[in-house]
Amino acid sequence: MWRYAVGAGAALLLAFGGFLLFGHGPAPTPLAAVLPPAPVKAAGAVTPLPGKAPEADAKTRERKRFDRYDKDRDDTVSRDEYFAARRKAFAKLDANGDGRLSFEEWAAKSVAKFTGADGDKSGTLTRTEFATTAPPRRPASARCACVRPAPAPSPAARDGEDEN
């Protein structure tokens, strides 16, 4: 029982210490120091303010989605309208049009990719053949345009001393 009391006391001490350390952080910086300077405009180039504030679009995202499904615009989505997109996707996969989806029809893209990669037509992929099935990578410029900061030099390097 005494372990629970000691644990509770330690938790309270940690919480109080955290409050003291993190509760009173640095003074807030003024907003002017955070904002970039306003762009300087050419002399005499004053842009007039609009007469009234722009209004948001009345249609919400959900209303737009509803309108995409409601093809006959009767403000109801029937079962046929709801499943129309699914039927189109199914029809694209059902290559022979029999209304049934076999594994080969469902996996047609994967089968074509495997067949195209199997250069020697052995029914198996070697490491080199398998490497051709890798999805194309996006170029590095499309990932992030962020500049990574250079690593901070070690204290010895800052002082001009050799670490050895």
Side-chain angles (χ1 to χ4, degrees), residues 3-4 6-8 10-11 13-15 17-19 21-23 25-26 28-29 31 33-39 53-164:
R3 290 181 183 168
Y4 293 115
V6 170
L13 282 173
L14 283 174
F19 175 74
L21 286 175
F22 300 112
T29 57
L31 188 58
V34 177
L35 294 176
E55 295 181 18
D57 188 10
K59 286 190 172 185
T60 63
R61 177 181 291 172
E62 196 58 31
R63 285 186 64 164
K64 289 178 183 178
R65 189 172 80 91
F66 183 87
D67 289 344
R68 279 195 306 268
Y69 278 85
D70 186 19
K71 299 295 183 190
D72 59 3
R73 302 290 181 239
D74 63 350
D75 282 333
T76 60
V77 175
S78 68
R79 181 181 174 88
D80 291 335
E81 289 172 329
Y82 188 78
F83 290 113
R86 307 307 191 279
R87 283 194 179 93
K88 286 180 186 176
F90 183 87
K92 284 182 184 178
L93 293 175
D94 187 17
N96 59 6
D98 65 351
R100 293 181 172 194
L101 199 58
S102 67
F103 176 78
E104 287 75 19
E105 289 173 325
W106 175 75
K109 284 186 179 181
S110 299
V111 170
K113 187 183 246 186
F114 183 91
T115 306
D118 188 14
D120 58 359
K121 306 299 180 212
S122 64
T124 60
L125 297 179
T126 63
R127 287 187 183 273
T128 307
E129 291 171 337
F130 183 76
T132 63
T133 65
R137 298 196 61 167
R138 294 185 307 181
S141 62
R143 288 188 199 140
C144 179
C146 306
V147 178
R148 291 189 176 146
S154 65
R158 275 186 261 143
D159 297 336
E161 300 172 4
D162 189 15
E163 290 182 355
N164 291 333

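In what follows, residues are counted from 1 in the order of the sequence shown.
Side chains of Ser78 and Asp80: no donor on one and acceptor on the other come within 3.5 Å. Between the side chains of Thr128 and Thr126, no donor-acceptor pair is found at a separation under 3.5 Å.
Surrounding NZ of Lys92 are at most 12 heavy atoms belonging to other residues, nucleotides or ligands under 6.0 Å away. Residue Phe66 qualifies as enclosed at atom CZ: its count of foreign heavy atoms under 6.0 Å is above 12.
For the pair Glu81 (side chain) and Asp72 (backbone), a donor-acceptor distance under 3.5 Å is present.
Side-chain atoms of Arg65 and Tyr69, non-hydrogen and from C-beta on, do get closer than 4.5 Å to each other.
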Problem set entry | Evaluation steps, side-chain contact (heavy atoms from CB on, under 4.5 Å), between Thr133 and Phe114 | CA-CA 8 Å; Thr133 65; Phe114 183 91; over 6 Å; no
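Nearest heavy-atom pair across Leu125 and Phe130 is CD1-CD1, 4.0 Å. Nearest heavy atoms, Ala117 versus Thr132: CB-OG1, 3.4 Å. Annotation for Glu129 and Asp120: closest pair OE2-OD1, 3.2 Å, computed over non-hydrogen atoms. Closest non-hydrogen pair, Glu105 versus Arg100, comes out as OE1-O, 2.9 Å. For Thr76 against Asp70, the heavy-atom pair with the smallest separation is O-OD1, 2.9 Å.
Asp67 CG to Glu62 CD: the interatomic distance, rounded to the nearest 0.5 Å, is 10.5 Å.
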